[in-house]
Undergrad: 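One structure, pasted below without further comment.
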Amino acid sequence: MTLSNRQIADIFDTVADILQLKGEIIHRVLSYRRAAESIRELPRDLSAIAAEDKLTEIPGIGDTLGDKIKEMLTTGKLGLYERLITEIPVGVVEIMRINGVGPKKAQLFWKELNITTVQGLEQAARAGKLRDLSGMGVKSEQKVIEGIEALSRRQVERVPLGTALPAAESILGVLRALPQCLQATVAGSVRRARPTIGDIDLLVAVREMSDSPAIMQIFVTLPNVARILGQGDTKSSVELLNGLQVDLRVLPQERWGTALQYFTGSQAHNIKTREIALAKGFSLNEHALSPVDSNGTILEDAPKLLCETEEQVYHHLGLQWIPPELREDSGEIERARDQTLPRLITLDDIHADLHMHTTWSDGKHTIREMAEAARERGRKFIVITDHSRSLGVANGLSIERLLEQQNEVRRVDQALNGSIRVFHGTEMDINADGSLDYPDEILVQLDFVIASLHMSLRQERDQITLRLLNAIRNPHVDLIGHPRAQMLPNREPVDADMDVVFTAAQQTGIALEINANPARLDLEAQYARRALDLGILLAINTDAHTIEQMDLMNYGVMTARRGWVTPDHVLNTWSLERFTTWMTQRGQ
DNA sequence: GCCGTTTTCGGCCCGACTGTTTTCAGTCG
């Protein structure tokens, strides 16, 4: 029983927590955290990478952590971790998850009052026992109580991008309407389009900082604010009723570029850009590029470089402007230095949507309604892909109804008279036993075939992988829909051997989907990037069950951009002629 | 513990805010 990437990352994170509690030097702690983060973003199994002896090629993994990974892969445990958890009660680590409580306070509560659980801490706080500890007071005690309440209120650690982005836009709408606001935007992980979001970062530019307090006051009194976490002239934080934290920073217009760059992150990307700045004799922060001496001390008399745009910031560093979705320190800085960043796909490149549902299965609109709505959105062709017969809960189509539907699709296609082309396909289930839900003699009659996993998603790795392989190797299947079957923020992807899946896809020329629904975003970016590296084609589809859901395409595009995807590799950027040629050739 | 267009040793991003402080420590991002 070998450990998964996720389990190994979790162990490293817990090791970091405990080391921090023990007062270990922060850089050693951060090494474990960086390693955990890096491992979570891997598109391959650590065991496969270890077999190739390439663990230390992973960013943040050196000889020591490489050996620790090997230890976990071979023995299923980590000696260091086993030792550490005997030294620190697990509840104390849990206490550090309370907002406002870090390692020092957790340590204090434990050592002074023998508190080892969140529950115990809450009781002590309510009994007024914390206020007399050194460095604590009545206010701090109250903050602990509020932090614990917020922790229990919070349903999930992270929310889907599809929840966070509209929430951010809604607040930005209010702020942009203020006369003091010159411009406003979202930064942080929302701007980088991470599939799930921990908190929202907003920026507002003003002419004079004296305009700031009024803006802050509006912000912290928005109707959906549950509590104010902090309020200053340049920075305020609130928690919304749904538990989401929102940070707002106000800054002068002439510093917009440095601030936007700084607050967009990621942290790893910023560390790199700051190092580059230092190498060029500047300290880079959210305010400016400041000249430094050889010790790195800022020269107060020397003029600072202010940047109103991000392009200026990157230019001063000798870099191409880097799209936010790439800013994860995963090779983008090196490419920007060589001026060889790819031309990423944009929403304008998308001409088609190859995956949508209608009233024939579990969709809410008819074939004609979906086609006309797609046409209004500028699509040149679409494929109707309702569910197949096994998916009873979604009113999947029997073979008879499928063929009947084909006639209807042909009628609609003709009626629309070339203003948009409508093709007939299916989203066919890959059954639990690995069989496909329609026989080949039916599939061959369809224009386009998607095969997807919907049921028995918790099967063993071998069986899940076999199911995907059966679909990939069927010459009539054109696309694997949402290949990992994850649901954000909480349903884990299937446990498939993605190395094997990718190899098979590479051999057969099948395409893989980036499902644009924000509850899926599957393939995720790191897998999309690997697919691209292997020359595997992709398609970005909305999987729309309603007309409105056709507007979610942008989430798929953002995910693709995070995966360095260029338009040419994506089926639905192609011309109608190129697409039909590809479809026809595949069916042979 | 990682890492190298200053370095295989000695750095490692740095500022805002809060609450407790008589000048700063803790937390966060």
Side-chain angles (χ1 to χ4, degrees), chain A residues 12 15-16 19-20 23-38 55-69 80 96-108 130-144 146-147 187-189 198-202 212 216 228-237 245-251 255 258-259 261-290 292 294-298 317-318 329 333-334 337-338:
Chain A
F12 276 165
V15 167
L19 290 177
Q20 198 174 5
E24 183 61 72
I25 58 161
I26 191 64
H27 301 296
R28 185 170 174 226
V29 173
L30 291 175
S31 294
Y32 279 92
R33 287 205 206 290
R34 270 198 293 271
E37 174 102 355
S38 195
L55 287 174
T56 55
E57 291 181 15
I58 302 168
I61 307 288
D63 289 336
T64 307
L65 291 183
D67 286 345
K68 287 187 165 39
I69 292 170
L80 171 66
M96 280 205 298
R97 292 181 55 228
I98 300 166
N99 201 331
V101 179
K104 295 290 201 280
K105 295 245 179 85
Q107 172 96 250
L108 180 74
L130 302 185
R131 63 185 64 172
D132 297 328
L133 294 170
S134 90
M136 293 289 293
V138 177
K139 279 190 174 175
S140 302
E141 191 176 71
Q142 187 56 31
K143 282 214 151 184
V144 169
E146 286 172 11
S189 53
D199 56 29
I200 296 175
D201 293 293
L202 303 178
S212 177
M216 290 302 188
I228 303 170
L229 300 171
Q231 181 178 2
D233 281 349
T234 65
K235 175 188 172 184
S236 294
S237 299
Q245 184 177 330
V246 187
D247 295 346
L248 171 65
R249 301 178 202 255
V250 176
L251 53 120
R255 298 174 191 267
T258 39
Q261 196 280 330
Y262 182 92
F263 291 115
T264 298
S266 65
Q267 197 170 30
H269 177 90
N270 281 0
I271 288 171
K272 270 279 178 68
T273 51
R274 286 167 162 241
E275 283 171 1
I276 292 173
L278 280 176
K280 291 184 178 295
F282 293 96
S283 168
L284 172 62
N285 63 21
E286 64 267 49
H287 305 297
L289 283 150
S290 310
V292 292
S294 54
N295 295 322
T297 310
I298 292 180
L317 301 179
D329 186 25
I333 290 171
E334 293 73 9
R337 187 180 279 148
D338 300 341

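From a predicted model like this one, the values you see are computed outputs, not experimental measurements. Proteins get letters first, then strands, A, B, ... in listed order; numbering begins at 1 in each.
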Undergrad: Nearest 0.5 Å please: distance from the NE2 atom of A:H269 over to the OH atom of A:Y262.
TA: 13.0 Å

Undergrad: Watson-Crick or G-U wobble partner for B:dT8, using a 3.5 Å limit on both distances?
TA: none

Undergrad: Mind checking the C1' distance from B:dC28 to B:dC13? Whole angstroms is fine.
TA: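 So the two C1' atoms sit 14 Å from each other.
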
Undergrad: Please report the distance separating the C1' of B:dC3 from the corresponding atom of B:dT8, rounded so that it comes out in whole Å.
TA: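 Here B:dC3 and B:dT8 have their C1' atoms 9 Å from each other.
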
Undergrad: Categorize A:I25 for me: base, sugar-phosphate, or nothing, with a 4.0 angstrom heavy-atom threshold over every strand shown.
TA: base

Undergrad: Give one of base, sugar-phosphate or nothing for A:Q267, where a contact means two heavy atoms less than 4.0 Å apart.
TA: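 Answer is base: heavy atoms of A:Q267 come under 4.0 Å of a base.
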
Undergrad: For A:S189, give me all partners under side-chain contact (heavy atoms from CB on, under 4.5 Å), at least two apart in sequence or on another chain.
TA: A:R192, A:R194, A:I197

Undergrad: Does A:S237 reach the main-chain N or O of A:L229 with its side chain, forming a donor-acceptor pair under 3.5 Å?
TA: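 Here the side-chain-to-backbone pair does not exist.
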
Undergrad: C1' atom, B:dT6 versus B:dT21: distance in rounded Å?
TA: 41 Å

Undergrad: Among B:dC2, B:dC12, B:dG15, find the nucleotide with the atom closest to the side chain of A:H27.
TA: B:dC12

Undergrad: Can you list the residues that meet the salt bridge (charged side-chain N to carboxylate O under 4.0 Å, His left out) rule with A:D132, with sequence neighbours excluded?
TA: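 Once residues adjacent in sequence are excluded, A:D132 has no partner under the salt bridge (charged side-chain N to carboxylate O under 4.0 Å, His left out) criterion.
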
Undergrad: Have a look at A:A35 and say if it touches a base, only the backbone sugar-phosphate, or nothing, with a 4.0 Å heavy-atom cut-off.
TA: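 No contact at all - A:A35 keeps every heavy atom at 4.0 Å or more from the nucleic acid.
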
Undergrad: Quantified in whole Å, what is the C1' atom distance between nucleotide B:dG26 and nucleotide B:dT20?
TA: 10 Å

Undergrad: Choosing from B:dG1, B:dG29, B:dT18, which nucleotide comes nearest the side chain of A:K143?
TA: B:dT18

Undergrad: Any idea which of B:dT20, B:dG1, B:dT18 is nearest the A:T64 side chain?
TA: B:dG1

Undergrad: From the list B:dT18, B:dG1, B:dT20, which nucleotide is the closest neighbour of the side chain of A:S140?
TA: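 Selected nucleotide: B:dT20.
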
Undergrad: Look at the side chain of A:R28 and decide which nucleotide, out of B:dG1, B:dT6, B:dT20, has an atom nearest to it.
TA: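 Between B:dG1, B:dT6, B:dT20, the one nearest the side chain of A:R28 would be B:dG1.
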
Undergrad: When you compare B:dT5 with B:dG1, how far apart are their C1' atoms, in angstrom units rounded to a whole number?
TA: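 It comes out at 24 Å once rounded to the nearest Å.
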
Undergrad: Which of these nucleotides, B:dG26, B:dC13, B:dT6, is closest to any side-chain atom of A:K104?
TA: B:dG26

Undergrad: Just by modelled atom types, is the A:P103 backbone N or O under 3.5 Å from a matching donor or acceptor in the A:Q20 side chain?
TA: no

Undergrad: Do the side chain of A:S38 and the main chain of A:A35 share a donor and acceptor less than 3.5 angstrom apart?
TA: no

Undergrad: Looking at the side chain of A:S283, which of B:dG15, B:dC14, B:dG29 is the nearest nucleotide?
TA: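 Output: B:dC14.
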
Undergrad: Could you check which of B:dG1, B:dC14, B:dC28 has an atom nearest any side-chain atom of A:R274?
TA: B:dC14

Undergrad: Measuring to OP1 and OP2 of B:dC17, would you say a side-chain N or O of A:T234 lies under 4.0 angstrom away?
TA: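 Yes, A:T234 has a side-chain N/O under 4.0 Å of OP1/OP2 on B:dC17.
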
Undergrad: Contact class for A:L133 (heavy atom, under 4.0 Å): base, sugar-phosphate, or nothing?
TA: nothing

Undergrad: So A:F263, base contact, sugar-phosphate only, or nothing? Heavy-atom distance under 4.0 Å.
TA: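 Since no nucleic acid heavy atom lies under 4.0 Å of A:F263, the category is nothing.
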
Undergrad: Could you tell me how far B:dT7 sits from B:dC2 if I compare only their C1' atoms? Round to whole Å.
TA: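 Their C1' atoms lie roughly 13 Å apart.
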
Undergrad: Looking at the side chain of A:Y262, which of B:dG1, B:dC14, B:dT18 is the nearest nucleotide?
TA: B:dC14

Undergrad: When the C1' atoms of B:dT23 and B:dG19 are compared, how many Å lie between them, rounded to an integer?
TA: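 It works out to 14 Å between them.
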
Undergrad: Taking atom C1' in both B:dA16 and B:dG11, compute the distance separating them and give it to the nearest angstrom.
TA: 25 Å

Undergrad: Can you find a side chain N or O atom of A:N285 that sits less than 4.0 Å from OP1 or OP2 on B:dG15?
TA: yes

